[in-house]
Amino acid sequence: MQTFRKNLIAAVLTLGLVNPLLATEPVDINSADATALADAIDGVGMKRAQAIIDYRTMHSPFKNVEELANVLGIGERTVTQSRGRLVAH
């Protein structure tokens, strides 16, 4: 059991260190499709990603990533957790 526990901890730490190395370019919230938004934003699925697209279509492009919090169902915590993977161009 002790060996399993050590291996589990090592795996979690390794994934935590390797994951940032696998990061791709930031997603532009003003041009991304629903799939890209859902993949880039923590806790956002296809329905909420489509709400982001609908919002930017109705209200003009986002000036900054923080404006995502204006979309119904997207809170500041979601924006904070995903900020490093997003840009607004």
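Note that the structure is predicted; figures quoted are calculated from it, not measured.
Put simply, CG on L86 and CD on Q81 are 11.5 Å apart, with the number rounded to the nearest 0.5 Å.
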Verdict with supporting geometry, F62 and I52, side chain to side chain contact (heavy atoms under 4.5 Å, CB included): CA-CA 10 Å; F62 295 98; I52 293 169; 3.9 Å; yes
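With R85 as reference, D42 is the one residue of D28, D39, D42 to meet the salt bridge (charged side-chain N to carboxylate O under 4.0 Å, His left out) rule.
Taking every heavy atom of both residues into account, R56 and S31 meet most closely at NH1-N, 3.7 Å. Contact detail for A49 and A34: the closest heavy-atom pair is CB-O, 3.3 Å. Looking at every heavy atom in both residues, E67 comes nearest to P61 through OE1-O, 4.4 Å. Across every non-hydrogen atom of N30 and H89, the tightest pair is ND2-O, 3.1 Å. Looking at every heavy atom in both residues, A69 comes nearest to E76 through CB-CG, 4.1 Å.
Residues I41 and Y55 fall within the same hydrophobic cluster, defined by Ile, Leu, Val, Met, Phe, Trp and Tyr side chains chained together at heavy-atom separations under 4.5 Å. By the rule that hydrophobic residues join a cluster once side-chain heavy atoms approach within less than 4.5 Å of another member, V27 and I53 end up as members of one cluster.
With contacts defined as side-chain heavy-atom distances shorter than 4.5 Å, the pair V44/I74 qualifies.
Between the R83 side chain and the V65 main chain, no donor and acceptor come within less than 3.5 Å of each other. Checking side-chain atoms of R48 against main-chain N and O of L72 turns up a donor-acceptor pair under 3.5 Å.
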